[in-house]
Each structure stands twice: as structure tokens, then as C-alpha cells.
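Because the structure is predicted, anything quoted here is derived from the model rather than measured. Naming: A, B, ... by sequence-line order, numbering from 1 per chain.
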Number of protein chains: 2
Amino acid sequence: MTSHDNDAFKPIATVDLAIFSLSPAGLSVLLVRRANAPFSGDWALPGGWIHIDEDADLEAAARRVLKEKTGVETPYLEQLQTTGSRTRDPRGWSISIVYIALLSADDVAERQGGMAGEAEWRPIGGEGVGLSLAFDHAALLKEALGRIRSKVEYSSLPGHLLPVHFTLSELQSVYETLLGRKLDKSAFRKRMAEADFLEPVEGEMRRASNRPAQMFRLKDAQSLALFDRTL
Amino acid sequence: MTSHDNDAFKPIATVDLAIFSLSPAGLSVLLVRRANAPFSGDWALPGGWIHIDEDADLEAAARRVLKEKTGVETPYLEQLQTTGSRTRDPRGWSISIVYIALLSADDVAERQGGMAGEAEWRPIGGEGVGLSLAFDHAALLKEALGRIRSKVEYSSLPGHLLPVHFTLSELQSVYETLLGRKLDKSAFRKRMAEADFLEPVEGEMRRASNRPAQMFRLKDAQSLALFDRTL
DNA sequence: AGAATAGTGTCTTTGAGACACTATACC
DNA sequence: GGTATAGTGTCTCAAAGACACTATTCT
């Protein structure tokens, strides 16, 4: 047995989540207020220790944290990156494995009030949430935003933030919000048709005081589809 | 203090590296033969425990391992992903943070024989090295290859595998090797000029029994430049 | 001059963007 | 018919690929 089987030499390991959804104000992230030291009272990304007796693997740990904080079980979930250093947590050498989760608007609507206490959706303004966050979470959130904004250009990512059924106009609107620029309707529809990650919901139409619109759903709500080219 | 300050609840944490270079047979990866259990005698990606008294952060740990195994200090280094589960290491719940390193051909030439014993360059054939590897390292290597192959399409990645000075023809040839297809010379040169990550080495020319070729170097040997569009 | 590779110019085709048009509902 | 949004067609322009041509060295 080496000295490293002595647990005093092991770093601390947590899983932290950047959980995103759409609110009327645009893209929002879920933050929790810390109850305990360190950083007691500060806002932070939801997270928790890895439970080696309970979690089969890292993704299971991330899903457990997500379930605890939001009640949602099967969102889009992707590993972002891992940070670790001697100084990021005053309690000692610490590692954080960060995941990004995208919640469908349906999930968010269902869970109104059913969320863990002291958790709150904060809209994203420019670089972040305009709050100082615990640990290095402000930097982690910035990384997560960078990843999301870059993926909007070449993936089905925005579709995972909408309700399960949506129209092409609604989808285009989310792309425009996240990209911060207008897209051409004709070109957009051509790209969606090529990309082939949507399927029409037969018979379902969005009705209003105008021509009804075909509703669509993602062919696979668990994974992103990537485009050949950029939008 | 919670029960998780008891170290028996902490997972094991290691840093593992997929170190790539170019050999006459094409892209190669550095493997080491394990001296101790578990998987004693098997080939594995080079790696090691995080030394919480010595490593300031994860990247420092990766650089330390790289230096120990190859002697190289400043290659291109990027975090790939983190795996962790109860079953991947028989000693217990274990996390591996995986990094990709790209070694310049100059570094490899210098270190001939200066490498740690029982380390060996293995050429990549299709999906992997054609060996069964310790732990889940075969899957990790496959992920690393996927990342590399995808980045060749839209980044300066191949330039990091060449000697510090190289010609455009040599660079094109590496792109072609990694992509597995031929590229048009004219289009390739236009793209490289736009991408703007190369600078000519004034006065230096590759001489042979034909027209001499201008030599180039990367403007930044530590980071990748990304293209707007795909090759 | 011939061989070999470096480096550039041109033509054709493809695809994205701009924009206008048609379609179908409610009022 | 008027209005509002859905959905499609067309034209233009720019970028990418194919390919041919010129340039420069050594033998």
C-alpha cells in the first residue's frame, strides 16, 4: 500500500451544476444560497459531495444533485470541465467536476415552488449574473456560458430549453435570443430541415388569430445534434 | 464537520495523459507498462496521483506527470474529460482527469532514450492501439482520438505535432494524414493565410533538389487557433 | 534541358443571405 | 377584406473546390 491510500492525501471531490432554463428575461441559471461555511450566505452553483456509497459514477452524482435541487430527472446533461487546486476551497485541495444541464420549459413550469428552498433562477446579463459567487463559481459559470453560446451556432441546443412541443418560429426566436442577432427565416428553416433533429407532431398545430403553425419535437431529447456548418 | 470530512468517504483522484506525437507510421500515443497491481504488466496511459502537497492545481499535476514521463515541459496541453465511477479501479471509487498533450517532433527527437523506462510510442491504427489497456484507458484513448480528429477540421492542431519550423507542404501533409483524405493545395494555403496562426521564419528555407520552400512557425505554440469554417 | 516541388491565378459550382411572394387562419 | 403569422420560391453574391499555370532550385 502506498502513502496515497492514506486518505489525508486525497483531494476533496464535488460535482457542481450549471442548470439553465429560459425565463421571460431570457437565459437563466439556477443558484442556491449556501447555508454553511465556507462562503455561508453567498450564492453558488448547486453541487455536492460525491457519495461513494450511493453514486455509481460521476454522471449519476450529477443527476442526483439535479434531482435534489429541481426534481427533474432526465434533462440534457453534459460534462463541462473539471477544476482543481489547492486554493479554491479553504478546507483543502479540492476538485470540482462541473456539468451543464438544460431544462425544458415544461420541467420548469411543473416544478414551480417544488424547488429546494433558497434556490432561485437568475437571468444572465452579459458576462454573468451580476453577483459575486462562492468559490470559483463565477469563473465556472462564465465557462459554461461560453460553451453554451458557442454551441448555439452549430447544434440543436436551443431546442432543449423549449417546451417539448414547439413551432419553428418559437425555435428561431430562442436561437436569436441566445445568439443576440436576427436570423433569416428562410435560411433558418432550410438549416433545420437539413440538420434533421426535429420531427413534426402529427396533427398538432399552434392556433392563434393567424395561420396555424406545425408543432415539432426533438427526435432525441437527451442529446445534441450538431450541424455541418455554422448558422 | 460532516461525515465527508472523514477521508474514507473520498474518492481516489488521478491525472492521466494521452500524449501524442507523429512517428513515421503516423499519429502515435505514449503508453507505459504498469509495474504494480492492479493491471500489473498491462499497458496504460501515463498518469499518477494528485500530489496535494506538490501540485498547485490540476494542470500543474498534468505537467508534472508529463515531465516525469517525457522530460518535456511546455507542450500543447488541454483537458479532455473526467471519468469517475465505483468500478473503474478495483481499489475503490476513483476519478481520472484526462489531459491531451501534443508533442512537437523536435521534443520527441531530443528525448530519444531519455524517456522513462517501460514507456513506448504506439502508432494509432483506426480505433486505437490494438492492445487492451488497463482500467478504462482504451475508452479514454478513444475519446481523445475523437477530440483530436474533430479538431483537425477547424484548428491549428496539426501544427503542434511538427518540428518548430516547417513548410506549408509539410503542414498540409499532416492535415491529410490526420484527416485521412487529400486536400487541395491552393485552397489549403488560402485557409492558412486567413486563419493567421503562422508566421514565416525570415530567411529560413527548406532546400532540396527543387525550388526552396519558405519555412513557418506557429505564432503561439501553447494554444490552438480555430478556423471560422471547416476545412 | 529535365525533374521536382513551391507557389499563384482562374473558372466553375455551391451554398448562404436578402427579400419577396404565397398560404391560411381569425376577426 | 384586413391583419397577422406560417411557410416557400427566387435572385444575387461570395466562398470553396478543381485544375492549370508559372517559378525556382538542383542535377
**Prompt:** Rounded to the nearest 0.5 Å, how far does CD of A:E78 lie from CD of A:E59?
**Reply:** 10.5 Å

**Prompt:** What distance do A:Q214 atom CD and A:H165 atom NE2 have between them, rounded to the nearest 0.5 Å?
**Reply:** 10.5 Å

**Item:** Residues A:E194 and A:K190 bridged, charged N to O under 4.0 Å
**Value:** no

**Asked** Any salt bridge between B:R206 and B:E170, counting N to O under 4.0 Å?
**Response**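 B:E170 and B:R206: salt-bridged.
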
**Prompt:** Between the main-chain N or O of A:L162 and the side-chain N or O of A:S104, is there a donor-acceptor pair closer than 3.5 Å?
**Reply:**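 Yes, because the side chain of A:S104 sits within donor-acceptor range (under 3.5 Å) of the backbone of A:L162.
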
**Request:** Could you tell me whether the side chain of B:E176 and the main chain of B:L183 form a donor-acceptor pair under 3.5 Å?
**Result:** yes

**Asked** Should B:Y99 and B:V15 count as side-chain neighbours, where that means a heavy-atom distance under 4.5 Å?
**Response** yes

**Asked** Do B:L17 and B:L45 have side chains that get closer than 4.5 Å, going by heavy atoms?
**Response**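 A side-chain contact is absent here, since even the closest heavy-atom pair is not under 4.5 Å.
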
Interatomic distance, [X] [atom1] vs [N] [atom2] [rounded to whole Å]:
X      : N      : atom1 : atom2 : answer
A:F188 : C:dG15 : CZ    : C1'   : 18 Å
B:E170 : C:dT5  : CD    : C1'   : 12 Å
B:L171 : C:dA6  : CG    : C1'   : 15 Å
A:K190 : C:dT14 : NZ    : C1'   : 12 Å

**Item:** Identified side chain to side chain contact (heavy atoms under 4.5 Å, CB included) partner of B:I50 from the options B:T14, B:V65, B:L58
**Value:** B:L58

**Message:** Nearest heavy atom decides the nucleotide; on that basis, is B:S169 or B:A187 closer to the 5' end of DNA chain C?
**Reply:**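 Result of the comparison: B:S169.
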
**Message:** Here's a test of your reading of the structure: between B:R189 and A:S186, which maps to the more 5' nucleotide of DNA chain C?
**Reply:** B:R189

**Prompt:** When you look at NZ of B:K142, are more than 12 heavy atoms from neighbouring residues, nucleotides or ligands closer to it than 6.0 Å?
**Reply:**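 Atom NZ in B:K142 is not crowded, with 12 or fewer foreign heavy atoms closer than 6.0 Å.
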
**Item:** Contact interval (first through last nucleotide) of DNA chain D with protein chain A, 4.0 Å heavy-atom
**Value:**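 Nucleotide range in contact with chain A: D:dA4 to D:dT10.
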
Below 3.5 Å between N/O atoms, which protein atoms pair up with nucleotides 22-24 of chain C? Just atom names and distances, please.
residue: C:dA23; atom: O4'; partner: A:R211; partner atom: NH1; Å: 3.3
residue: C:dA23; atom: N3; partner: A:R211; partner atom: NH1; Å: 3.1
residue: C:dT24; atom: O2; partner: A:R211; partner atom: N; Å: 3.3

**Prompt:** Over its full length, what angle do the end axes of the helix from C:dA1-D:dT27 to C:dC27-D:dG1 make, each axis taken from five pairs and the result rounded to 10 degrees?
**Reply:** 10°

**Prompt:** Taking the six-membered ring for Trp, are the ring centroids of A:F188 and A:Y175 within less than 6.0 Å of each other?
**Reply:**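 A:F188 vs A:Y175: aromatic centres under 6.0 Å.
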
**Prompt:** B:A208 or B:T230: which one's nearest nucleotide on DNA chain D is closer to the 5' end?
**Reply:**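 Looking at the nearest nucleotide for each, B:T230 comes out on the 5' side.
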
